[in-house]
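All values derive from a computational prediction rather than experimental measurement.
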Amino acid sequence: MGRAKYASLLGQYKETLDKFVGPTEVFICGDTLQVEDYSKYNWTMFDPESKQKRHDETFEDYLARAYELGKKFTARKK
């Protein structure tokens, strides 16, 4: 699925959720680690070194962004 279609699909999901549960936000965190040890699985579609490298480079940023988003959500409820 291309980026434009993916973004459109997520936008539709967001609109639906906004209607039924209230304001929502989309937070995309892709190309993540699925498991700690890829050698335990016969998953030839993944490059474990690439997955680990991406995780090491991006995890702290995603974690901080998710934390800030959580703060924003909890501030709405006050």
Side-chain angles (χ1 to χ4, degrees):
M1 180 180 298
R3 282 186 185 250
K5 286 186 179 183
Y6 189 63
S8 174
L9 183 61
L10 287 174
Q12 291 171 12
Y13 290 154
K14 181 185 181 329
E15 286 177 18
T16 300
L17 289 168
D18 284 346
K19 289 176 188 172
F20 289 101
V21 299
T24 59
E25 303 232 6
V26 175
F27 180 75
I28 300 171
C29 181
D31 196 18
T32 59
L33 288 173
Q34 286 76 22
V35 295
E36 259 186 56
D37 185 357
Y38 282 83
S39 69
K40 294 180 180 179
Y41 305 91
N42 186 20
W43 287 353
T44 57
M45 65 197 131
F46 295 117
D47 175 8
E49 290 81 22
S50 175
K51 290 283 189 186
Q52 187 63 55
K53 182 177 186 280
R54 171 129 172 98
H55 173 80
D56 293 345
E57 292 171 350
T58 63
F59 181 75
E60 292 298 323
D61 178 56
Y62 281 123
L63 184 62
R65 288 170 49 202
Y67 179 80
E68 290 303 317
L69 190 56
K71 282 178 31 179
K72 184 177 176 181
F73 287 152
T74 57
R76 287 184 187 165
K77 294 292 181 184
K78 293 180 179 178

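- Atom CZ of Phe20 is surrounded by 12 or fewer heavy atoms from other residues, nucleotides or ligands within 6.0 Å.
- Grouping the Ile, Leu, Val, Met, Phe, Trp and Tyr side chains by contacts below 4.5 angstrom, directly or via other members, places Tyr13 with Ile28.
- Evaluation of the salt bridge (charged side-chain N to carboxylate O under 4.0 Å, His left out) rule for Lys71 yields Glu68 as partners, not counting sequence neighbours.
- For Glu25, the side chain to side chain contact (heavy atoms under 4.5 Å, CB included) test picks out Leu69, Lys72, Phe73, Arg76, with sequence neighbours left out.
- Grouping the Ile, Leu, Val, Met, Phe, Trp and Tyr side chains by contacts below 4.5 angstrom, directly or via other members, places Val26 apart from Leu17.
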side-chain contact (heavy atoms from CB on, under 4.5 Å) between Tyr62 and Thr32, intermediate numbers included: CA-CA 11 Å; Tyr62 281 123; Thr32 59; over 6 Å; no
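- Under the salt bridge (charged side-chain N to carboxylate O under 4.0 Å, His left out) criterion, Glu49 pairs with no residue at all, not counting sequence neighbours.
- Under a 4.5 Å side-chain heavy-atom cut-off, the cluster of Ile, Leu, Val, Met, Phe, Trp and Tyr residues that includes Tyr38 is completed by Leu33, Val35, Tyr41, Trp43, Met45, Phe46.
- The local environment of CD in Gln34 is crowded, with over 12 non-hydrogen atoms from other residues, nucleotides or ligands closer than 6.0 Å.
- When atom types are taken as modelled, the side chain of Thr74 and the backbone of Gly70 share a donor-acceptor pair closer than 3.5 angstrom.
- Applying the salt bridge (charged side-chain N to carboxylate O under 4.0 Å, His left out) definition to pairs two or more places apart or across chains, those involving residues 6-16 are Lys14-Asp18.
- To the nearest 0.5 angstrom, Arg65 atom CZ is 9.5 Å from Thr58 atom OG1.
- Partners of Asp56 according to the salt bridge (charged side-chain N to carboxylate O under 4.0 Å, His left out) rule, which considers only residues two or more places apart in sequence or in another chain, do not exist here.
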